[in-house]
Amino acid sequence: MPELPEVETVRRHLALHLPGALVLGATLRREDLRYPIPVQAVHSLASRRILAVRRRAKYLLLDFVPPVTALIHLGMSGRLFTTPSDEPWQPHEHWRLHLQGSAGLVDLRYVDARRFGCLDILISHMELQHPLLAGLGPEPLGAALSAQELLRATRGRRVPVKTWLMDSHNVVGVGNIYASEACFRAGVHPLRAATDLNLDDCQRLLGAVQAVLQEAIAAGGSTLRDFVGGDAKPGYFQQQLAVYGRGGEPCHACATPIERTVLGTRATYFCPHCQS
DNA sequence: AGGTAAACCTGGACGC
DNA sequence: TGCGTCCAGGTTTACC
């Protein structure tokens with residue numbers, strides 16, 4: 001479920017409710033997700049206050065006072081939401097933080113069936129040294145990334161454009177769905193070698209990535225409130241997808257059947273007429 | 001070094 | 001109804 005737009009939507013929701021809340025304690029149902037959970041450090045969050053909720057790539061960062069930071073990833077199937085305290089545990093619910101907020105007692109709850117997500121605690125000012133964050137490329141939204149920079153970074157890279165887009169060393173936050181969608185919008189064939197892009201291609205690709213992510217955030221914002229509240233609603237963006245999951249169906253622009261192929265073990269969709 | 005495939009884990013959809 | 005197979009929104013690791 002969690003693409004960058006969903007992570008950002010969760011972040012915005014939590015940022016409205018969590019800052020200022022006091023941690024009363026934590027409950028762990030298991031001591032590992034994708035990686036071991038630092039159990040003692042999680043329990044030592046007790047009596048700290050939440051300062052802010054940030055996002056880097058698809059990671060959520062909860063800042064506490066005194067300054068430690070919880071690093072959370074939702075993996076493929078993770079969900080993070082708040083409910084009134086002491087509600088029944090769900091299947092695959094792995095941990096909770098018990099909070100005293102301005103609206104009373106609430107639990108911050110983490111549910112993740114496949115356990116590809118993670119939870120770590122780090123010293124706030126050591127964030128950039130954390131192994132999961134240190135190698136990340138630039139955020140696609142925000143002003144930092146330019147077409148010139150994108151052009152430079154793709155020189156000599158013979159990987160397919162879509163594979164390049166999904167590599168977080170290059171750009172963060174572009175998942176499998178939006179990599180296909182962005183290539184379609186830019187008119188770039190997903191199998192083209194990254195090094196073959198010219199500046200105009202890079203300009204269109206960057207614009208397409210930003211537009212797709214921003215529109216998805218806008219769409220997610222309207223329906224993900226239910227999700228954040230714990231009532232998962234699948235497929236909130238499906239009606240807006242131009243190519244992903246539409247193999248064999250007519251292209252919205254030219255009616256040519258959308259093709260499906262596999263790229264780096266991942267399903268990839270494109271219009272053979274509109275994209276070159 | 002760069003490019004590709006496999007691995008982690010569970011559940012749901014589909015075909016027989 | 002039941003079982004086997006394939007697929008899934010992420011990311012790291014291991015290989016060529």
Side-chain angles (χ1 to χ4, degrees), chain A residues 1-11 29-37 55-60 71-80 90-94 110-120 130-137 139-140 153-184 190-196 209 212-213 215-217 219-220 223-224 227-228 232-248 260-269:
Chain A
M1 296 226 172
E3 286 272 326
L4 181 144
E6 184 171 23
V7 177
E8 175 61 18
T9 301
V10 170
R11 187 201 67 78
R29 279 291 173 90
R30 57 181 306 132
E31 299 192 353
D32 68 289
L33 292 167
R34 176 176 191 151
Y35 308 110
I37 295 172
R55 178 186 62 76
R56 172 75 172 108
K58 292 169 188 162
Y59 294 94
L60 287 165
L71 179 66
I72 300 162
H73 199 288
L74 303 178
M76 294 269 257
S77 53
R79 289 155 41 208
L80 184 67
Q90 293 183 10
H92 305 293
E93 182 172 358
H94 304 305
Y110 182 88
V111 179
D112 182 7
R114 294 176 73 180
R115 303 203 303 276
F116 287 172
C118 64
L119 169 63
D120 201 3
H130 194 283
L132 294 177
L133 301 177
L136 293 177
E139 294 283 334
T154 50
R155 295 310 82 184
R157 298 298 309 279
R158 282 184 282 182
V159 284
V161 171
K162 183 203 172 225
T163 304
W164 189 91
L165 274 179
M166 291 179 64
D167 185 343
S168 65
H169 296 94
N170 302 319
V171 195
V172 302
V174 186
N176 194 44
I177 291 177
Y178 294 119
S180 279
E181 292 296 309
C183 286
F184 172 78
L191 280 87
R192 256 174 83 183
T195 193
D196 288 345
V209 165
V212 152
L213 292 178
E215 287 171 29
I217 289 171
T223 60
L224 276 188
F227 168 82
V228 171
K233 217 179 200 178
Y236 67 99
F237 45 44
Q238 303 246 331
Q239 64 275 30
Q240 302 177 38
L241 297 178
V243 290
Y244 186 86
R246 298 193 62 243
R260 178 192 193 274
T261 186
V262 174
L263 202 46
T265 75
R266 312 293 259 147
T268 302
Y269 299 86

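Quick note on labels: first sequence line is chain A, next is B, and so on, each numbered from 1.
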Whole angstrom is fine here: how far is it from [atom1] in [X] over to [atom2] in [N]?
X: A:His130; N: C:dT12; atom1: NE2; atom2: P; answer: 11 Å
X: A:Leu33; N: C:dG10; atom1: CG; atom2: C1'; answer: 14 Å
X: A:Met76; N: B:dT10; atom1: CE; atom2: P; answer: 14 Å
X: A:His169; N: C:dT11; atom1: NE2; atom2: P; answer: 11 Å
X: A:Leu263; N: B:dA5; atom1: CG; atom2: P; answer: 9 Å
X: A:Asn170; N: B:dG2; atom1: CG; atom2: P; answer: 11 Å
X: A:Tyr178; N: C:dA8; atom1: OH; atom2: C1'; answer: 15 Å
X: A:Leu74; N: B:dC9; atom1: CG; atom2: C1'; answer: 16 Å

Exercise. For A:Phe116 and C:dT11, are the ring centres under 5.5 Å apart with planes inclined under 30°?
Worked result: no
Exercise. When you match A:Arg114 and A:Leu136 each to their closest nucleotide on DNA chain C, which lands nearer the 5' end?
Worked result: A:Arg114
Exercise. Using 30° and 60° as the class limits, which term best fits the ring planes of A:Tyr110 and A:His94: parallel, tilted or perpendicular?
Worked result: tilted
If we call it a pair only when both distances are under 3.5 Å in a Watson-Crick or G-U wobble match, what pairs with [N]?
N: B:dC9; answer: none
N: C:dC3; answer: B:dG15
N: C:dG9; answer: none

Measuring from the side chain of [X] (C-beta onward, heavy atoms only), which nucleotide among [options] has the closest atom?
X: A:Ile177; options: C:dG9, B:dA5, C:dT12; answer: C:dG9
X: A:Ala267; options: C:dA8, C:dG9, B:dT4; answer: C:dA8
X: A:Arg158; options: B:dG11, C:dG10, B:dG3; answer: B:dG3
X: A:Val159; options: B:dG3, B:dA5, C:dG10; answer: B:dG3
X: A:Arg260; options: B:dG2, C:dG9, C:dC7; answer: C:dC7

Distance check, [atom1] atoms only: [N] and [M], in whole angstrom units.
N: C:dC6; M: B:dA6; atom1: P; result: 14 Å
N: C:dA14; M: B:dC9; atom1: P; result: 15 Å
N: C:dG9; M: B:dG3; atom1: C1'; result: 24 Å

Give a yes/no on whether any side-chain N or O of [X] is located under 4.0 angstrom from OP1 or OP2 of [N].
X: A:His73; N: C:dG10; value: no
X: A:Arg34; N: C:dT12; value: no
X: A:His92; N: B:dC9; value: no

Exercise. Would you say the side chain of A:Arg266 and the base of C:dG9 hold a donor-acceptor pair, judged only by whether the two atoms sit under 3.5 Å apart?
Worked result: no
Exercise. Any salt bridge between A:Glu3 and A:Lys58, counting N to O under 4.0 Å?
Worked result: no
Exercise. Taking NZ, NE, NH1 and NH2 as the nitrogens, is one of them in A:Asp112 or A:Arg114 under 4.0 Å from a carboxylate oxygen of the other?
Worked result: no
For this session: Can you establish whether the number of heavy atoms outside A:Arg158 located under 6.0 Å from its atom CZ is more than 12?
Result: no
Which part of the nucleic acid, if any, lies within reach of [X] when heavy atoms closer than 4.0 Å are counted: base, sugar-phosphate only, or nothing?
X: A:Pro91; answer: nothing
X: A:Arg115; answer: sugar-phosphate
X: A:Arg30; answer: nothing

Exercise. So, A:Thr9 side chain and A:Pro5 main chain: donor-acceptor pair closer than 3.5 Å or not?
Worked result: yes
Exercise. So do A:Arg55 and A:Glu139 actually touch side chain to side chain, heavy atoms under 4.5 Å?
Worked result: yes
Seminar exercise, completed: Tightest non-hydrogen contact, residues A:Val161 and A:Cys183, listed as CG1-SG, 4.1 Å
